[in-house]
Amino acid sequence: MADLDFSLKHLQESGAQASPLRVDGCNSIWLLDDDASMLRALGRLVKAEGFSVERFNHPIAFLSRLKQAICQVAVIDVWMPVMNGLEVQACLIENSPATRIIFMSGRDDPLVRQTALDAGAFGFLAKPFEDEALVQLIHKAVAG
C-alpha cells in the first residue's frame, strides 16, 4: 500500500475526499462514485435504511480508508477516472477479502458485468436502477 500513501498525498492536494456520515464499524456501507449528485443520493438512501455510510469520490481515498476501518459492503461505480471499479475490486480482494462488492454502471457492458461477477462481486446494477433494488442487494450482502 506504499503507492496508496503517495497517491493519497497527491489526492489531498487535489481535493478528493471521504465523507463519513456515521461510522460505527457495524453494518458499514462504503459508497464510491465520482458523480457527486449520485454519491449524495445514494448516501441519503443507504443512511435512511439505518446503515453506517461512508462516501468517497475517488478510488484512492476509498482504498486508503482500509488502513483505518473495515468495509463490510462496498457499492462501487465501474467507470471512474484514474482507476476503474474493476481495479478497485482487485485491490479489495487483496486487502479486504471479506468485503462484499456491489457494482453499478451507466454502461451495462455484458463483458464488464461478467468479469466483475466472476471475480466475486455480490451484485451488479445498471444505472438507472430502482432504489429498492440496491436496498435489497445491500440487505442480502450484509446478511451473509
Side-chain angles (χ1 to χ4, degrees), residues 1-8 10-11 14-23 25-144:
M1 284 204 169
D3 290 339
L4 288 178
D5 290 331
F6 173 78
S7 297
L8 183 58
H10 174 71
L11 284 175
S14 73
Q17 57 188 321
S19 173
L21 296 177
R22 187 171 34 134
V23 182
C26 192
N27 291 338
S28 178
I29 312 301
W30 293 12
L31 308 173
L32 173 59
D33 197 318
D34 61 311
D35 180 334
S37 62
M38 184 69 158
L39 201 55
R40 279 191 304 275
L42 291 174
R44 285 191 301 267
L45 173 67
V46 175
K47 186 177 179 186
E49 286 295 312
F51 292 104
S52 172
V53 178
E54 291 195 47
R55 299 179 300 181
F56 302 87
N57 67 355
H58 198 286
I60 301 301
F62 175 95
L63 292 169
S64 293
R65 180 73 172 119
L66 290 172
K67 294 177 182 178
Q68 297 90 29
I70 295 170
C71 175
Q72 184 176 13
V73 176
V75 179
I76 302 172
D77 187 24
V78 173
W79 303 112
M80 297 175 287
V82 179
M83 188 177 205
N84 69 46
L86 297 175
E87 292 168 319
V88 173
Q89 180 184 34
C91 291
L92 279 170
I93 289 168
E94 183 178 324
N95 297 297
S96 183
T99 299
R100 304 241 166 150
I101 302 168
I102 298 168
F103 278 107
M104 54 188 176
S105 178
R107 288 182 263 159
D108 191 15
D109 180 330
L111 180 59
V112 171
R113 174 188 290 264
Q114 197 58 52
T115 300
L117 294 171
D118 287 349
F122 190 81
F124 194 105
L125 296 171
K127 294 177 186 176
F129 51 82
E130 295 293 324
D131 290 351
E132 189 58 30
L134 177 60
V135 167
Q136 286 179 8
L137 264 176
I138 291 172
H139 279 288
K140 288 177 185 175
V142 168

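These numbers come from a predicted model, not from an experiment.
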Roughly how far, to the nearest 0.5 Å, is the [atom2] atom of [Y] from the [atom1] atom of [X]?
X     : Y      : atom1 : atom2 : result
Phe62 : Asn57  : CZ    : CG    : 12.5 Å
Gln72 : Arg100 : CD    : CZ    : 8.5 Å
Trp30 : Ile102 : CH2   : CD1   : 15.0 Å
Phe51 : Leu45  : CZ    : CG    : 10.0 Å

Side chains of [X] and [Y] in contact at under 4.5 Å (non-hydrogen atoms):
X      : Y      : value
Met83  : Cys91  : yes
Arg40  : Arg55  : yes
Asp34  : Pro81  : yes
Asp108 : Arg113 : yes
Met80  : Leu32  : yes

Worksheet entry | Minimum-distance pair of heavy atoms, taken over all atoms of Ala141 and Val73 |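 Smallest heavy-atom distance, with atoms named: CB-CG2, 3.8 Å.
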Item to complete: Over all heavy atoms of both residues, which pair between Ile76 and Gly85 is shortest? Give the atoms and the distance, please.
Response: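 So the minimum-distance heavy-atom pair works out to CG2-CA, 3.9 Å.
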Practice prompt. Report the C-alpha distance between Val88 and Ile101 in whole Å, list the side-chain angles of each, state the deciding distance to 0.1 Å, and finish with yes or no for side chain to side chain contact (heavy atoms under 4.5 Å, CB included).
Written response: CA-CA 10 Å; Val88 173; Ile101 302 168; over 6 Å; no
Worksheet item: Should Leu66 and Leu92 be marked as a side chain to side chain contact (heavy atoms under 4.5 Å, CB included) after you check the CA-CA gap, both sets of side-chain angles, and the distance that decides it?
Response: CA-CA 9 Å; Leu66 290 172; Leu92 279 170; 3.7 Å; yes
Discussion item. Does Val112 form a side chain to side chain contact (heavy atoms under 4.5 Å, CB included) with Phe103? I'd like the steps, not just the answer.
Written reply: CA-CA 10 Å; Val112 171; Phe103 278 107; over 6 Å; no
Practice prompt. Any side chain to side chain donor-acceptor pair (under 3.5 Å) involving residues 78-90? Give me the pairs, sequence neighbours left out, ordered by first then second residue.
Written response: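 Sorted pair list: Trp79-Ser105.
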Item to complete: Mark yes or no for whether Thr99, through its side chain, and Cys71, through its backbone, hold a donor-acceptor pair below 3.5 Å.
Response: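 Yes, the answer is positive, given that a donor and an acceptor are paired below the 3.5 Å cut-off.
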Report all side-chain donor-acceptor pairs from residues 122-138 shorter than 3.5 Å, counting only partners two or more places apart or in another chain.
residue, atom, partner, partner atom, Å
Lys127, NZ, Asp33, OD2, 3.0
Lys127, NZ, Asp77, OD1, 3.3
Glu132, OE2, Gln136, NE2, 3.4

Discussion item. Please determine whether side chain to side chain contact (heavy atoms under 4.5 Å, CB included) holds for the pair His58 and Val82, giving the CA-CA distance in whole Å, both sets of side-chain angles, and the decisive distance to 0.1 Å.
Written reply: CA-CA 8 Å; His58 198 286; Val82 179; 3.7 Å; yes
